[in-house]
Amino acid sequence: MNQFKPIFLGTVDPRSEMAGFRRVANSQKCVRAGGRHNDLEDVGRDLSHHTFFEMLGNWAFGGEYFKKEACSMAWELLTQVYGIPEDRLWVSYFSGDSKTGLDPDLETRDIWLSLGVPASRVLSFGLQENFWEMGDTGPCGPCTEIHYDLAGGMGPPQLVELWNLVFMQHYREADGSLHLLPQQHVDTGMGLERLVAVLQGKHSTYDTDLFSPLLDAIHQSCRVPPYSGRVGAADEGRIDTAYRVVADHIRTLSVCIADGVSPGMSGAPLVLRRILRRAVRYSTEVLQAPPGFLGNLVPVVVATLGAAYPELQKNSVKIANLVSEDEAAFLASLQRGRRIIDRTVKRLGPSDLFPAEVAWSLSLSGNLGIPLDLVQLMLEEKGVKLDTAGLEQLAQKEAQHRAQQAEAAQEEGLCLDVHALEELHRQGIPTTDDSPKYNYSLRPNGDYEFGLCEAQVLQLYSETGTAVASVGEGQRCGLLLDRTNFYAEQGGQASDRGYLIRTGQQDVLFPVARAQVCGGFILHEAMAPECLQVGDRVQLYVDKAWRMGCMVKHTATHLLNWALRQTLGPTTEQRGSHLNPERLRFDVATQTPLTTEQLRTVESYVQEAVGQDKPVYMEEVPLAHTARIPGLRSLDEVYPDPVRVVSVGVPVAQALAPASQAALQTSVELCCGTHLLSTGAVGDLVIIGDRQLVKGITRLLAITGEQAQQAREVGQSLSQEVEVASERLSRGSRDLLEAHRLSKDIGRLIEFTESAVIPQWQRQEQQTTLKMLQRRANTAIRKLEKSQATEKSQELLKRHSEGPLIVDTVSAQSLSVLVKVVRQLCKQAPSMSVLLLSPQPTGSVLCACQVAQGATPTFTAEAWALAVCSHMGGKAWGSPVIAQGTGHTADLEAALRTARAYALNQL
């Protein structure tokens with residue numbers, strides 16, 4: 001329903017085609033593998049769940065039709081058009097919820113009964129089953145589900161959900177409260193796969209012709225019996241479960257990759273990565289599939305779905321290659337992980353828990369990347385329990401570590417103090433050769449390959465920083481090696497992380513959380529799953545995904561620095577930066593904050609350089625060669641000699657030539673960080689925040705790649721909503737409620753704009769526009785209130801032309817309007833004292849009063865309002881001349897009598 005949310009929320013662009021939608025029927029691709037509606041863990045265990053499915057839906061917007069028509073049409077389609085026997089269908093409806101004040105949906109119940117559904121097959125359920133919500137906030141409402149009885153009278157009913165009819169009539173706010181939507185809508189969804197199963201007389205979606213070609217192909221490629229549809233204990237060896245998992249997951253992978261979502265490290269790509277790796281495990285461990293098996297199933301998916309979705313045919317080779325590459329990478333990781341688990345389990349006692357540190361080491365590195373839930377599942381199969389409490393502690397520590405890195409905080413950890421460094425020099429231990437950190441290359445397919453690094457342990461340190469000859473199982477320790485390919489945090493770039501293994505012992509991983517440089521020595525902070533000694537030979541593996549994220553952000557930082565100089569002038573100076581895979585932070589010296597246009601221009605320069613996919617050249621040169629080069633970017637710090645130069649688009653030698661002007665035209669910097677070999681992999685850059693640290697220094701926050709694209713999409717969506725609000729305001733309204741509603745909508749947009757991850761230039765533009773719209777909306781409200789007050793005061797004066805008092809009731813939508821009416825009356829009849837009450841739909845009563853100019857000093861408006869509101873169980877406030885208040889009463893006449901009596905007594 002996501003594409004129709006603008007209709008549900010009333011924010012649809014009135015000029016768009018969607019604004020004219022009243023009735024819609026559609027079929028769409030759906031993936032449920034994360035968030036509130038997550039079917040991933042159910043897939044394979046039963047005969048009906050899928051991560052990818054095709055959703056058939058019909059929709060009614062703005063009350064075009066509602067419950068009666070939706071239920072009637074659904075029943076007609078299923079029973080008369082599709083010919084499904086009525087006695088095989090059951091329905092459910094919402095039973096209500098006392099906590100939220102939601103009543104039972106008896107209307108829907110009665111509709112089903114009127115359609116001839118026996119009361120015994122009309123069941124009621126609560127919020128969990130029959131109240132549909134997409135997320136924590138947004139449109140929602142009661143739903144009624146149509147279920148199909150697989151048993152068909154042969155024994156107890158075996159119900160499977162076939163069709164869900166959702167009646168969108170509420171909106172869930174962030175605080176959990178529910179409010180009615182301005183208009184009612186219908187949103188129904190029926191899974192094509194389940195419908196096909198019913199129409200083809202199958203008990204399972206996996207028995208239909210949507211899946212049988214895949215199941216046949218799996219059987220032909222694997223050394224297992226044919227698929228037989230068993231579940232639970234009857235599924236010996238979980239072979240049929242594996243059939244279902246692989247068939248479902250390869251469909252999901254193919255469809256998502258064709259739509260541009262590839263397995264990755266965060267968000268939807270991370271979910272897809274989990275799906276792929278789950279499929280790999282089932283195919284290899286249960287189905288005994290050969291290497292490359294999953295990629296070979298892609299053509300079967302294309303043959304089944306390609307006619308409906310041409311993008312599958314267009315991208316079939318890309319999908320197969322990507323699946324095969326990730327499958328091969330994970331197979332190597334999975335085999336190593338399995339050996340580690342087997343070896344660890346053998347050492348455990350009958351009641352011992354599987355060590356959290358070992359489980360964490362399996363998932364810490366992107367090179368292994370075994371999801372923790374898979375690790376736990378593998379242990380369950382062996383009858384071993386995981387130390388979940390210890391794992392949770394490690395996860396919390398990791399989350400804290402990431403948060404600290406994101407803010408570039410200096411966290412406490414192992415370090416070499418002056419005494420330790422002196423001792424190293426005394427022993428003649430050489431500084432660490434970290435040149436292997438630059439040993440990586442770009443393959444033709446665009447992937448980066450990182451070279452292997454072998455090293456020797458020169459020194460070990462305990463958690464307290466004491467030098468030791470060995471460390472034992474479970475100890476946090478520091479390692480000094482003769483060489484390393486880990487990047488130690490410096491120059492604003494976050495440290496690498498990953499793992500190391502002892503040479504010749506592939507099944508014991510020593511996770512490395514970070515590396516830091518201390519006087520030329522690279523100290524690796526690691527966790528030892530078993531004994532490690534000085535002199536041991538090791539192999540080091542950096543976390544590829546983490547390193548790639550840093551490389552993208554670092555190259556993007558250089559492009560940002562160059563773009564700022566192009567925009568603000570060649571004298572613009574960097575004042576610091578920090579980056580990790582999530583985002584980059586850049587401090588720049590500016591006399592004034594960057595304008596909206598400057599921010600936009602900076603981004604456009606970066607986008608241009610990225611789009612040209614310029615090569616990035618890196619070379620070490622004598623420091624003297626870099627002196628007096630116009631435009632060369634460097635920070636006010638000490639550089640090594642020779643120094644590493646990073647140049648975008650121009651070879652280093654050419655950039656540093658005496659007469660060269662290259663550094664004025666492109667990015668040329670002194671830098672020891674790790675970088676991309678070409679700019680295209682940055683993808684995009686969006687500045688999502690800027691603030692003044694101190695006068696003269698602006699801090700910019702930026703994101704890249706997919707995150708940047710998502711930020712632009714959110715920004716575009718926001719712009720459309722602002723434009724809709726502007727058009728609503730321009731049309732004007734004589735309805736005060738509508739004017740208040742528009743003002744609140746604008747207020748919500750203002751709040752969203754402040755916190756949304758969108759381009760900062762766009763934020764500034766929309767904030768300016770929204771503030772102007774808010775002023776106009778408030779002005780319109782004041783005019784409407786004044787107009788209403790004038791009108792109502794005239795009516796009241798006609799009824800109360802004589803006497804010292806006007807005490808009456810009047811319809812007013814707010815205290816503001818009521819006070820204006822009182823003021824208007826007293827202005828037109830200065831000798832009269834006025835008190836007005838206004839009952840509200842919520843049950844409350846508003847009160848406003850003003851005493852005449854010549855009233856006795858003891859007769860005050862504040863006391864008058866307090867007397868009346870106290871009578872109504874409420875409160876009042878104000879001044880001696882004018883006051884207001886609220887209360888609750890069902891007897892307005894008694895409240896009016898109290899008002900008159902108090903005033904006459906005072907007068």
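Note that this is a predicted model, so its numbers are computed, not measured.
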Examine distances only and state if a side-chain atom of [X] and a backbone atom of [Y] form a donor-acceptor pair shorter than 3.5 Å.
| X | Y | value |
| --- | --- | --- |
| T595 | Q598 | yes |
| T567 | L564 | no |
| T666 | A662 | no |
| S577 | F586 | no |

Shortest non-hydrogen contact from T674 to K437? CG2-O, 4.0 Å
Any donor-acceptor pair under 3.5 Å linking the side-chain atoms of [Y] with those of [X]?
| X | Y | answer |
| --- | --- | --- |
| Q506 | R336 | yes |
| Q456 | D482 | no |
| E603 | W761 | yes |
| Q475 | E530 | no |
| E489 | H578 | yes |
| Q539 | T503 | no |
| Q574 | D587 | no |
| S435 | D433 | yes |
| T484 | D434 | no |

For F510, give me all partners under ring-ring contact (aromatic ring centres under 6.0 Å, His included), at least two apart in sequence or on another chain. none
To the closest 0.5 Å, what do you measure between [atom1] ([X]) and [atom2] ([Y])?
| X | Y | atom1 | atom2 | result |
| --- | --- | --- | --- | --- |
| N445 | N321 | CG | CG | 9.0 Å |
| K544 | F450 | NZ | CZ | 6.5 Å |
| Q533 | C531 | CD | SG | 4.5 Å |
| T753 | I758 | OG1 | CD1 | 5.5 Å |
| L481 | C453 | CG | SG | 8.0 Å |

Quick check: do [X] and [Y] have side-chain heavy atoms less than 4.5 Å from each other?
| X | Y | value |
| --- | --- | --- |
| V358 | V508 | no |
| L700 | I687 | yes |
| R699 | R585 | yes |
| R600 | Q760 | no |
| I340 | L509 | yes |
| L276 | L272 | no |

side-chain hydrogen bond (donor to acceptor under 3.5 Å, both in side chains) between S678 and D613, intermediate numbers included: CA-CA 6 Å; S678 62; D613 197 18; 3.1 Å; yes
Sequence neighbours excluded, the answer for side-chain contact (heavy atoms from CB on, under 4.5 Å) partners of Q607 is D684, R712
Report the residues that fulfil side-chain contact (heavy atoms from CB on, under 4.5 Å) with Q762, sequence neighbours left out, ordered by chain and then residue number.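 Testing Q762 for side-chain contact (heavy atoms from CB on, under 4.5 Å), a comparison that skips the adjacent residues, returns S719, P759, Q766.
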Please report the C-alpha distance between S324 and L322 in whole Å, then the side-chain angles of each, then the deciding distance to 0.1 Å, and finally whether the side chain to side chain contact (heavy atoms under 4.5 Å, CB included) criterion is met. CA-CA 5 Å; S324 296; L322 200 155; over 6 Å; no
With a 6.0 Å cut-off on ring centres, are Y617 and H675 close enough?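 Between H675 and Y617, which both carry aromatic rings, the centre distance is not below 6.0 Å.
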Could you walk me through whether Q493 and Y487 satisfy the side chain to side chain contact (heavy atoms under 4.5 Å, CB included) test, starting with their C-alpha distance in whole Å, then the side-chain angles of each, then the deciding distance to 0.1 Å, before giving a yes or no? CA-CA 9 Å; Q493 178 176 330; Y487 183 86; 3.6 Å; yes
Is the closest basic N to carboxylate O distance between D326 and R277 below 4.0 Å?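 Yes, D326 and R277 are salt-bridged.
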Please determine whether a side-chain nitrogen of the Lys or Arg among E573 and R575 lies less than 4.0 Å from a carboxylate oxygen of the Asp or Glu.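 Yes, this pair counts.
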Specify whether Y605 and W562 have parallel, tilted or perpendicular ring planes, treating 30° as the upper limit for parallel and 60° as the lower limit for perpendicular. perpendicular
Passes side chain to side chain contact (heavy atoms under 4.5 Å, CB included), W546 versus S495? Steps please. CA-CA 9 Å; W546 182 271; S495 159; over 6 Å; no
